[in-house]
Amino acid sequence: MRDLKRWAVALEVAALFALWELAISGLKLANPSFVPPPSAIWTAFTGMLADGSLPEHAWFSTQNAVAGFLLAVVVGVPCGLALGSSRLVSDVAGPPFWTAYAMPRIAFQPLLVLWLGFGAAPKILIIFLMAVFPIAINTMDGIRGVDPSLVRAARVYGAGRIQVFLKVQLWAALPLILTGIRMGVARAMVGIVVGEFIGGSQGLGYLIFRRSADFDLASALALTLLLVVIANVLMALVSLARRIAAPWYAEGVS
Amino acid sequence: APQTPAPAATGPIGAPEKTALKIGMRLPNLDTNAPVEIALDKGFYKEEGLTVERVEVQSIREGLVGGSLDFGAEASPDVVAAATAGTGLRIVAGYRNREPFVVVVRPEIAKPQDLAGKPVLLGANPGTIEYDVRMQLLKEAGFDLTGVAVKPVNLPGGSNAWVEQFKQGKLAMTVIFPRHKKLVQGRLVLDVMKEWPNDSLTALQDFVDRNPNTTARFIRATIKGIKVFKDPAQQAYVQKLMRAKGFTVTPLEEEPEVYANGPLLYDDDMGLNAKGFEELLAVLKLPPAPFESFTHLGQLTRAQDALGVAKRP
Amino acid sequence: MTARTAPAKPLRVRPSGTARRPWKYRTPLIALADLVVFVALWHVAVVELELVNRVFFPSPGDVAGSLATLISSGELAGHLGTSARSWLIGYGLGAAAGVVTGLATGSLPWANRLLMPLLWSLWATPLIALQPTLTAWLDYGDGPIVVLVFLSTMIPVALNTATGAAQTSPSLIRAARVFGAGRMAVYLKIRLPWAVPYVIGGLRLAVPTSMIGLLVGEMVGSPSGVGSIIVNATARFRTGEAFAAIGVYVVLSVVLVRLLDLAERRAGGWRNHA
Amino acid sequence: MATDPIIQIRDLSVRYHVARTGNRLIAVQDVDLDVMEGEFLTVLGPSGCGKTTVLNCVAGLLTPTTGTILAGGRPVTAPGPDRAVVFQDYALLPWRTVADNVRFGLEMQPRLKEGAADRIAEAIRLVGLSGFENSYPRELSGGMQQRAGLARSLVADPRILLMDEPLGAVDALTREVMRAELKRIIDATGKTVVFITHSIDEAVQLGDRIAVFSSHPGTIKEIVSVTPGNRDGLRDQLWKSLESDAVAAARGAAE
Amino acid sequence: MATDPIIQIRDLSVRYHVARTGNRLIAVQDVDLDVMEGEFLTVLGPSGCGKTTVLNCVAGLLTPTTGTILAGGRPVTAPGPDRAVVFQDYALLPWRTVADNVRFGLEMQPRLKEGAADRIAEAIRLVGLSGFENSYPRELSGGMQQRAGLARSLVADPRILLMDEPLGAVDALTREVMRAELKRIIDATGKTVVFITHSIDEAVQLGDRIAVFSSHPGTIKEIVSVTPGNRDGLRDQLWKSLESDAVAAARGAAE
Ligand SMILES: Nc1ncnc2c1ncn2[C@@H]1O[C@H](COP(=O)(O)OP(=O)(O)OP(=O)(O)O)[C@@H](O)[C@H]1O
Ligand SMILES: Nc1ncnc2c1ncn2[C@@H]1O[C@H](COP(=O)(O)OP(=O)(O)OP(=O)(O)O)[C@@H](O)[C@H]1O
Ligand SMILES: O=C([O-])O
Ligand SMILES: [Mg+2]
Ligand SMILES: [Mg+2]
């Protein structure tokens, strides 16, 4: 029974794909060129693996994703800390921050091309922009949610502003910061595709557009699923990091 | 800023200035990319001392102005608009020199009124000049859609995708490439070839002035690529090459007369037709612009001279 | 996204001996000052210092002029109507589906195990990559756009609602059962009200994402809507117009987020001491 | 009171499955207990001895691992309108006013639709909250919130009142006041009460009988009757009975 | 104890600005209080009468609106190592083990770097938590958590211990046990203590003197000394003094 639970997700995915395959290949409920069955997606996937194109493009995207994501952590966490711990910063920088969050990145792609061209830079920038907001917002919420009683205790035992920050607020916010980082990982995957949409000739996002333009939906879906799998693996790693870095924090899911 | 003519702008082509180049292309299809891919594969660029990379990108003009592209195969009216706006962009050579207008409808569509409420793809958004041109040409061809409430559709992807959708019955009318004519079971309601410059090789005037030899060499190698593309004997080679580069080649396109539709759009002198521009601008209702205001053709001439190709008037 | 759990905002108090009277309009005035400084810097950068090419990057004046033209010609109203319809349908359906999915995911252990990874996967899926596929599946016109808006609303709302529902005080659920509540009554009378602040938090998160979904759909494949203004204007170097259209989206986004902020403050009031 | 007991607990054992460790934990073992109609039974015992577990079984919130429970002669399988519960943390719906929280006590019972408004007003009056009908829980002190919880449990007129440390969360002074009030209100209704507490004083002051629990495993150690005469002696007797368990719990040896 | 008082409170008033309503609230008015070195002073009063407010002023966590506070003869402007606080909700850092939480009590004081490990071990031993050094707070019962809080407050050897209802959150039986322990531990250290409670029993059992507060506005009503002889009488006297306030608080008239 417990083993069954552990494999529930795997079983679910397997069942989903089996039904999908049956509906398309077996029952012919839809045209396979419009709704490619998993077998076709798999064939497309192995095909791209075999001709060596996939690893090369994946490597390009991964490098950008790592760079953009790390940048988002390095920038997002301090921004969230500042926004969350200072009323003044939040008043002055809050409105532009929220406006920037609401900016439709896709509309500025021509400008990104103008300023940064087609290399890795604009892609890294977009990945950064996708990932930085969830990280900063969660960090901000984490800081704001710190139990005031802990802050009082720290002050009683001689902690100044900086020590309260380093020894209490930062730690108390850590679980939410890591949640934000997990969200950031997911959005970084989206950023890969959004970024490569602006052009270039490398990367998984570029491949997706190429295959879509040729109406090779099987390949496009294979690549999209690959991104989702990578995202899940990375999110699991962040969750693991959270369990190690914040063992005192029990996740509140029933 | 006043342009000082560069010293090496005439005469025999000297050593290239800039040697690592990027060319931007908008459409990921065989017909648009073949000349450059051939020139790359055959080493024509390398012979000129150039290292060329082909980049797929929608924002070619921004790429050129921002300096991340050196050349682009950009839609001609867009270059004219950009040149007029003061971006410093110029057409340095012709690329795909004519434009086919082929529109097909599903067999059940007998008259324009049958399209009411049906999805129609004219390759552009309503309200744009391109859309109006196609409407105008359809009207001239006796298929007047004025006043018919069609459902205008604009789909991403290239014509391969459109044809697929048309074949599945999801589009009632679509524009296609000539090479698709045989692929679709439909009725042609428009099939003309206009001597309107389609895509032009574009660069910054400033770039050309600073890199005259590079430009001439790039054009010379590209002309060699076009020549191969236009040679019917090379069909098998071209299609094998393009497949290897990830482009789609459908079985029907292996028929020589279908394949021939692509090379047909090119001239192997990469020359330009000033009259075609004038007509195009008029049809698009763009403000007339003197041919010289958006072209910069010195290096094209040198390349043509060096190759000894026939120059069209 | 155990995201944005409507943070409990403690009563803001301070001993009155130690500080001045709080000034009620401080925050909006600072925001206004922000705006003025921003526009001024933008103007100086583009017009005075010519740091950027005005063909590609208009001045605030250019944008205002274009906006006035778009409004007076009635063009904006027409496109805005199309966009608003797609957005309202997608956002409304997405919110409803998100709440239902979130409630189930947050309260049924089996649904949690099955749906949570799916929701997270969707959150990590680039919708822009799905756009061509959606077009193929769903016919044309507003269909794919509405679906993009729907998905980009549903996912954050569901993830947030799930967090709220999962954290429903077990004590309240026990109490409800004692007083005769069945399964359905527990959902409607306990879990849903409990999750309301989280739902609103999700709705707020979903405003920018759904706007971006709308824009992706309109820019990539639509003949009408504000997104198509952006595409067409960019193509013709009417950048003032493109920026004006982007500005409309941003302002709408910010206004909607503010409204939801207010709603959250009202709906989440009971949390202050809870 | 020579009738059948209104609550009969026989051979009750409850084992929990501790998900984190995968172990089973015997929370309650072999509990036998009868409660008579109209009786006020207090349950006293150290933390973690299984008091809440037993109460939840009687409420129908928990299914025993073994054993049976009869309430009013019928086996308990689920919560029922004959048994109401008052919780230590009040468990008021924070988004409802006092009156609406009290209404919650009967809105799931269609048979009580009629005259609901009167019942609610009466219950609120009984607990002394008249005038606070439209207040939200967060606007009330702990003592007042617990009164609201009591009104909610009384409004549908159950035969049995199950109270799980109802005064555990209010401060000591308020507790003193509330104890007396509770006694008055419940005496007025004549209900059967099972009342869990950690406080020896409370158990002695309120209970007709006291069931003393001990830990490891949770089981009934003794049941003593309270008479006007034995109150003071009882305090010392109970403290002796509980001291080692209590010290162990406070020192952590038992955790 | 014929020396100067170690804590001197003069004319203390605190007003709060309530942001939500924009009103001012007088929490504490005109409080005068002296605490002598080595004295155990308990503070008794109904909920909301301003006990915590006064304590926070002494701790240096709150700046009085008017009045002065001297601790060890020097004006209080901020928290200092001479005054430690034990909180009702323990306020332990959940990400630190017991030992690390106790270390927190001295890590901000460089002068105590040396011999820190010994001090920590000693404090933990004193509160009876040896063996639990590496446990996290969530793994401990309430009584054990409060012991850890006490160890943290003792580790830097402050002259004054400020305790805000330290036993308010533990159950009644554990409270009984903890009270005796507290007395033992604090007697052993000889510290000056200000101890807030709602429990008359606790105030009488622990205090050398009792400051009784009343509400509206929060101020000191009387100060009584506890002698071995007057304990029982004191209980009744205090209850009379507090009853109306307590009833008002429980009934909500005062809220
Ligand atoms: N849901 C549960 N899963 C696992 N163990 C449980 C669960 N509920 C209670 N326990 C354990 O069962 C034992 C009895 O718990 P119970 O809550 O009945 O005790 P209690 O006497 O009410 O304690 P307290 O006085 O602290 O309320 C304890 O050891 C407790 O840890
Ligand atoms: N930060 C604050 N802002 C506004 N009012 C406050 C604040 N803290 C306390 N008060 C109010 O000041 C009064 C005294 O509060 P205080 O916490 O000092 O009382 P207390 O005697 O400690 O009460 P309790 O016994 O419930 O802990 C109360 O009316 C309370 O509501
Ligand atoms: O694809 C996007 O989610 O932007
Ligand atoms: Mg219990
Ligand atoms: Mg207090």
Side-chain angles (χ1 to χ4, degrees), chain A residues 5 8-9 12-13 30 34-35 91-96 98-99 101-108 110-111 114-115 134 137-138 141 144-145 148 176 179-180 182-183 185-187 189-194 197 205 208-209 212-213 215 217 220-221 223-224 227-228 231-232 235 251-254, chain C residues 1-5 7-10 26-27 30-31 33-35 38 53 56-57 106-107 109-110 112-114 116-118 120-133 136-137 162-163 165-168 207-208 211-212 215-216 219 227 230 234 242 245-246 249-250 253-254 257:
Chain A
K5 279 181 188 169
V9 174
E12 169 195 31
V13 172
F34 282 77
V35 190
D91 274 351
V92 174
W98 289 107
T99 309
Y101 181 42
M103 282 286 172
R105 290 163 285 270
I106 183 178
F108 292 106
L111 285 177
L114 180 68
W115 290 326
I137 289 171
N138 271 274
D141 284 348
R144 288 190 181 158
L176 257 181
T179 299
R182 184 163 96 140
M183 294 173 65
V185 165
R187 297 315 277 173
M189 294 294 122
V190 176
I192 288 179
V193 177
V194 175
F197 184 67
I208 291 177
F209 295 118
S212 303
F215 216 70
L217 294 189
L221 281 175
L223 293 162
T224 308
L227 278 174
V228 170
N232 274 295
M235 285 191 288
E251 257 173 294
V253 180
S254 66
Chain C
M1 187 177 64
T2 6
R4 301 231 71 200
T5 53
K9 290 183 188 97
R26 168 181 152 146
T27 308
I30 290 179
D34 272 349
L35 185 67
F38 173 74
N53 188 334
F56 295 95
F57 201 101
S107 35
W110 61 266
N112 194 287
R113 261 193 304 278
L114 295 188
M116 216 55 182
L118 207 64
W120 270 100
S121 294
L122 276 170
W123 179 244
T125 301
L127 295 180
I128 199 172
L130 289 184
Q131 203 273 349
T133 314
W137 289 355
T163 307
Q167 289 173 3
T168 309
V207 168
M211 288 281 184
I212 290 170
L215 213 58
V216 165
M219 289 184 66
I230 298 173
T234 306
I246 295 169
Y249 269 139
V250 172
S253 254
V254 170
V257 166

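Below, read A as the first sequence line, B as the second, and so on, with proteins coming before strands; counting in each chain starts at 1.
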**OP:** Tell me, for A/D91 versus chain C, whether the close heavy atoms (under 4.5 Å) come from the side chain, the backbone, both or neither.
**Re:** both
Original post:
Is chain C contacted by the side chain of A/Y101, its backbone, both, or neither, given a heavy-atom distance below 4.5 Å?
Top reply: both
Original post:
To the nearest 0.5 Å, how far apart are CG in C/N53 and CH2 in A/W115?
Top reply: 10.0 Å
**OP:** Check each of C/D34, C/L35, C/V254 against A/T99 using the side-chain contact (heavy atoms from CB on, under 4.5 Å) test, and report the only one that passes.
**Re:** C/V254
Original post:
If you take all heavy atoms of A/V193 and C/P126, which pair is closest and at what distance?
Top reply: CG2-CG, 3.2 Å
Subject >> Separation between OG of C/S121 and CE of A/M189, rounded to the nearest 0.5 Å >> reply: 12.0 Å
**OP:** Against chain C, work out which of A/V185, A/L227, A/L114 has the most heavy-atom pairs shorter than 4.5 Å and name it.
**Re:** A/L114
Original post:
Is there a side-chain contact between A/L111 and C/F56, using heavy atoms and a 4.5 Å cut-off?
Top reply: yes
Original post:
Between atom CE of A/M103 and atom CG of C/L215, what is the distance when rounded to the nearest 0.5 Å?
Top reply: 12.0 Å
Original post:
Considering only heavy atoms, which portion of A/V228 lies under 4.5 Å from any heavy atom of chain C: side chain, backbone, both, or neither?
Top reply: side chain
Original post:
Would C/W123 and A/R187 count as a side chain to side chain contact (heavy atoms under 4.5 Å, CB included) if you check the C-alpha gap in whole Å, the side-chain angles of each, and the deciding distance to 0.1 Å?
Top reply: CA-CA 7 Å; C/W123 179 244; A/R187 297 315 277 173; 3.6 Å; yes
Original post:
For the residue pair A/P110 and C/T234, what are the closest heavy atoms and their distance?
Top reply: CG-CG2, 3.9 Å
Subject >> chain C interface, residue from A/P134, A/A102, A/G205, A/A231 that has the most non-hydrogen pairs under 4.5 Å >> reply: A/A102
Original post:
For A/A220, is it the side chain, the backbone, both, or neither that has a heavy atom closer than 4.5 Å to a heavy atom of chain C?
Top reply: neither
